[in-house]
Amino acid sequence: MPHEIDIKRAQAFARQVFGFYTGGIVSLLIHIGYKHGLFDAAAKGPATSAELAARAGLNERYVREWLGSLTTAGIFTHDAATGAFALPPEHAICLTGDNRLNVAPVSGFIPHLGKVVPQVMEAMRDGGGVPYSEFRPEFTELMDDAWRRIYDDALLGGFLPRVAGLTARLEAGARVADIGCGTGHAVNLMARAYPRSTFVGYEIAEDAIARARAEADAMGLANARFEVLDVTRLPAEPKLDVIFAFDTIHDQAHPAAVLKRAHDALAPDGLFVMVDVKGTSDVREDVKNPFAPFYYGVSLMHCMTVSLAEGGAGLGTMWGEKVARRMLAEAGFPGVEVIDAPRPQNVIYSARP
Ligand SMILES: C[S@@+](CC[C@H](N)C(=O)[O-])C[C@H]1O[C@@H](n2cnc3c(N)ncnc32)[C@H](O)[C@@H]1O
């Protein structure tokens with residue numbers, strides 16, 4: 001052995017590792033609870049396992065075991081006198097409801113990404129990646145569910161006003177595209193809020209486009225349309241005034257080509273608005289970011305590998321500000337403003353052609 005082992009330090013590290021495993025199992029149980037409506041049922045008030053099982057229409061034995069894990073994990077409290085389990089209101093707001101603090105939907109990524117572990121391991125050894133098709137159709141629903149409330153809560157009043165001049169342009173009437181729009185909820189919200197502007201959402205996934213169109217129809221929007229398009233082929237004409245890229249550049253197979261296309265499609269006074277994951281492009285700096293292990297991990301299991309599967313750049317979710325600035329400059333954007341997003345996981349890049 002090169003040097004003596006500090007046994008206390010080793011034990012502390014082993015506990016830390018076990019904490020990761022605990023987080024993994026608890027994440028699965030959060031997912032189960034979210035999907036079975038157990039948090040909604042619990043938010044109605046303290047309940048014994050039998051009462052909660054009855055509220056949710058589930059088997060008491062399973063619910064009791066589930067409560068055992070989530071109570072010892074600190075999510076529920078337990079009253080020994082009454083036998084009731086309670087979800088404190090501060091916890092309920094993070095696991096139920098239509099506000100963006102509800103992080104329960106994110107738990108779905110854990111079992112979803114778990115399914116591709118064998119393929120990721122294979123790619124790690126043999127090269128290549130796991131294609132997007134392996135993640136569909138669940139990925140479409142998961143992304144929608146993870147971001148829908150954030151858009152509802154924070155797009156119009158949070159993200160957009162942070163970009164100088166953006167809301168005035170949208171109000172006045174602008175030609176707008178959202179590239180890699182997923183299920184199009186951001187487009188539909190903006191189209192409703194800015195009736196003088198016209199919006200198009202581009203996306204490669206047909207199932208996502210079908211959902212986007214259905215929502216636009218249900219909302220009665222005449223100024224939003226959606227097209228299946230690989231945005232490496234984004235047309236340069238007719239020119240656009242604003243192009244959005246929400247959480248999509250880092251998992252592109254060919255991000256440099258997409259940025260160049262976005263640049264070339266903008267009118268001379270146009271605006272490119274890219275919302276992406278906050279990172280520094282330097283793992284030594286990223287250690288200060290509490291979200292970094294999650295996003296590097298999601299990158300390995302999804303964002304990086306879907307890009308590498310197509311022989312792409314494999315930028316990764318944590319490509320970060322330095323790389324983004326360089327790539328935007330290479331695409332032809334002379335200046336880039338980097339703006340804090342209304343949530344700490346993200347950053348907004350605003351660039352003019
Ligand atoms: C992480 S998701 C973000 C979706 C959406 N913007 C949102 O905020 O929920 C990235 C999306 O980019 C799409 N995408 C990836 N490469 C694309 C390409 N070359 N052309 C069009 N869409 C693409 C994916 O299908 C996926 O829906």
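Not measured: the values here are computed from a predicted model. Numbering of ligands and ligand atoms starts at 1, following listing order.
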Before you tell me yes or no, could you show the steps for R211 and E215 under salt bridge (charged side-chain N to carboxylate O under 4.0 Å, His left out), namely the whole-Å CA-CA distance, both residues' side-chain angles and the distance that decides it to 0.1 Å?
CA-CA 6 Å; R211 284 185 61 158; E215 188 182 67; over 6 Å; no
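- Across all non-hydrogen atoms, the minimal contact from A253 to S307 is CA-OG, 3.4 Å.
- Taking the ring centroids of F333 and F272, they lie under the 6.0 Å cut-off.
- Between the side chain of D153 and the backbone N or O of R100, at least one donor-acceptor pair lies under 3.5 Å.
- D286 places no side-chain N or O within 3.5 Å of a backbone atom of N289 that could act as its donor or acceptor partner.
- Between G332 and H263, the closest heavy-atom pair is O-NE2, 3.2 Å.
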Tabulation required: pairs of a nitrogen or oxygen in ligand 1 and a protein nitrogen or oxygen under 3.5 Å; columns are atom names and distance to 0.1 Å; otherwise 'none'.
residue: ligand 1; atom: 6 (N); partner: G180; partner atom: O; Å: 2.7
residue: ligand 1; atom: 6 (N); partner: F246; partner atom: O; Å: 2.8
residue: ligand 1; atom: 8 (O); partner: Y151; partner atom: OH; Å: 2.5
residue: ligand 1; atom: 12 (O); partner: T248; partner atom: OG1; Å: 2.8
residue: ligand 1; atom: 16 (N); partner: Q252; partner atom: OE1; Å: 3.4
residue: ligand 1; atom: 16 (N); partner: Q252; partner atom: NE2; Å: 3.1
residue: ligand 1; atom: 19 (N); partner: D230; partner atom: OD1; Å: 2.9
residue: ligand 1; atom: 19 (N); partner: Q252; partner atom: OE1; Å: 3.0
residue: ligand 1; atom: 20 (N); partner: L229; partner atom: O; Å: 3.4
residue: ligand 1; atom: 20 (N); partner: V231; partner atom: N; Å: 2.9
residue: ligand 1; atom: 22 (N); partner: I204; partner atom: N; Å: 3.2
residue: ligand 1; atom: 25 (O); partner: R136; partner atom: NH2; Å: 2.4
residue: ligand 1; atom: 25 (O); partner: E203; partner atom: OE2; Å: 2.5
residue: ligand 1; atom: 27 (O); partner: E203; partner atom: OE1; Å: 2.8
residue: ligand 1; atom: 27 (O); partner: E203; partner atom: OE2; Å: 3.2

